[in-house]
K.L.:
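One structure is given below, represented as structure tokens, and several questions about it will come after.
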Amino acid sequence: MTPFVEKLEEIRDQERKEETFTPIPSAYYMELTKLLLNHASDNIPKADEIRILVKDIWDTRIAKLRLSADSFVNQQEAHAKLDNLTLMEINTVRTFLLESLNHMYKLRTNLQPGTEATKSQDY
């Protein structure tokens with residue numbers, strides 16, 4: 001087993017064990033992996049194993065992110081910490097979060113006294 005594969009297994013196991021997002025060696029780990037494995041997999045030892053490990057890490061982090069986003073919306077939070085997330089990971093839930101926040105904002109402003117929505121209902 002190569003040291004790189006061992007390191008990826010360690011990262012995967014740590015990510016599965018922790019509730020929060022663990023630091024990743026590169027903020028562009030998924031992009032770099034795809035580029036290297038798509039264009040130079042013949043020159044990378046254990047390329048298939050690396051591909052599977054990186055996919056496992058990605059899947060674990062995205063599952064965690066979806067649970068966090070769901071919890072965020074259900075608890076009607078106004079802000080969230082995005083520590084140790086990559087831009088690509090954040091981008092996967094961006095649309096969902098933006099739409100959820102917009103709906104929560106509309107609901108909150110409609111429920112506050114003195115807003116135009118409540119004034120129009122008084123007539």
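Position 1 is the first residue of the sequence, and the numbers go up from there.
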K.L.:
Do Ile11 and Lys7 have side chains that approach each other closer than 4.5 Å (heavy atoms only, starting at C-beta)?
P.N.:
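In short, these two side chains touch, coming nearer than 4.5 Å.
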K.L.:
Is any side-chain heavy atom of Leu8 closer than 4.5 Å to one of Glu49?
P.N.:
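No, every pair of side-chain atoms sits at 4.5 Å or beyond.
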K.L.:
Keeping the roles fixed (side chain from Thr60, backbone from Asp56), state whether a donor-acceptor pair exists under 3.5 Å.
P.N.:
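Answer holds: yes.
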K.L.:
Tell me whether Asp70 is salt-bridged to Arg66, with the criterion being a basic N under 4.0 Å from an acidic carboxylate O.
P.N.:
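Not counted as a salt bridge, because no side-chain N and carboxylate O are separated by less than 4.0 Å.
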K.L.:
I need the Phe4 CZ to Glu9 CD distance, nearest 0.5 Å.
P.N.:
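So the CZ of Phe4 and the CD of Glu9 are separated by 11.5 Å.
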K.L.:
At their closest point, which heavy atom of Ile90 faces which heavy atom of Leu65, and how far apart are they?
P.N.:
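Nearest pair, atom of Ile90 first, then Leu65: N-CD2, 4.3 Å.
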K.L.:
Decide, yes or no, whether a salt bridge links Glu18 with Lys64 under the criterion of side-chain N to carboxylate O below 4.0 Å.
P.N.:
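A salt bridge is absent here (no side-chain N lies under 4.0 Å from a carboxylate O).
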K.L.:
With a cut-off of 6.0 Å (strictly less than), are more than 12 heavy atoms of other residues, nucleotides or ligands near OH of Tyr28?
P.N.:
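Atom OH in Tyr28 is not crowded, with 12 or fewer foreign heavy atoms closer than 6.0 Å.
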K.L.:
Between Glu99 and Thr95, do the side chains contain an N or O donor and an N or O acceptor separated by less than 3.5 Å?
P.N.:
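Side chains of Glu99 and Thr95: no pair found under 3.5 Å.
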K.L.:
Side chains of Arg16 and Arg12: closer than 4.5 Å at any heavy-atom pair?
P.N.:
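Yes; the side chains approach each other to less than 4.5 Å.
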K.L.:
Answer whether the closest heavy-atom distance between the side chains of Thr92 and Trp58 falls below 4.5 Å.
P.N.:
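Touching, per the 4.5 Å side-chain cut-off.
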K.L.:
Answer yes if Leu85 and Phe96 sit in the same cluster of Ile, Leu, Val, Met, Phe, Trp and Tyr residues linked by side chain heavy atoms under 4.5 Å apart, and no otherwise.
P.N.:
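Yes: a chain of side-chain contacts under 4.5 Å links Leu85 to Phe96.
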K.L.:
Would you give the length of the straight line joining atom CG of Asp48 to atom CZ of Arg51, rounded to the nearest 0.5 angstrom?
P.N.:
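Those atoms lie 6.0 Å apart.
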K.L.:
If I compare all heavy atoms of Phe21 with all of Asp83, which pair ends up nearest, and what's the gap?
P.N.:
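Here Phe21 and Asp83 meet closest at CB-O, 3.8 Å.
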K.L.:
When you compare the side chain of Ile44 with that of Ile50, does any pair of heavy atoms fall below 4.5 Å?
P.N.:
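Yes. Closest side-chain heavy atoms under 4.5 Å.
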K.L.:
With clusters defined by side-chain heavy atoms of hydrophobic residues (ILVMFWY) lying less than 4.5 Å apart, directly or transitively, does Met30 cluster with Ile62?
P.N.:
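Yes; Met30 is reachable from Ile62 via cluster members.
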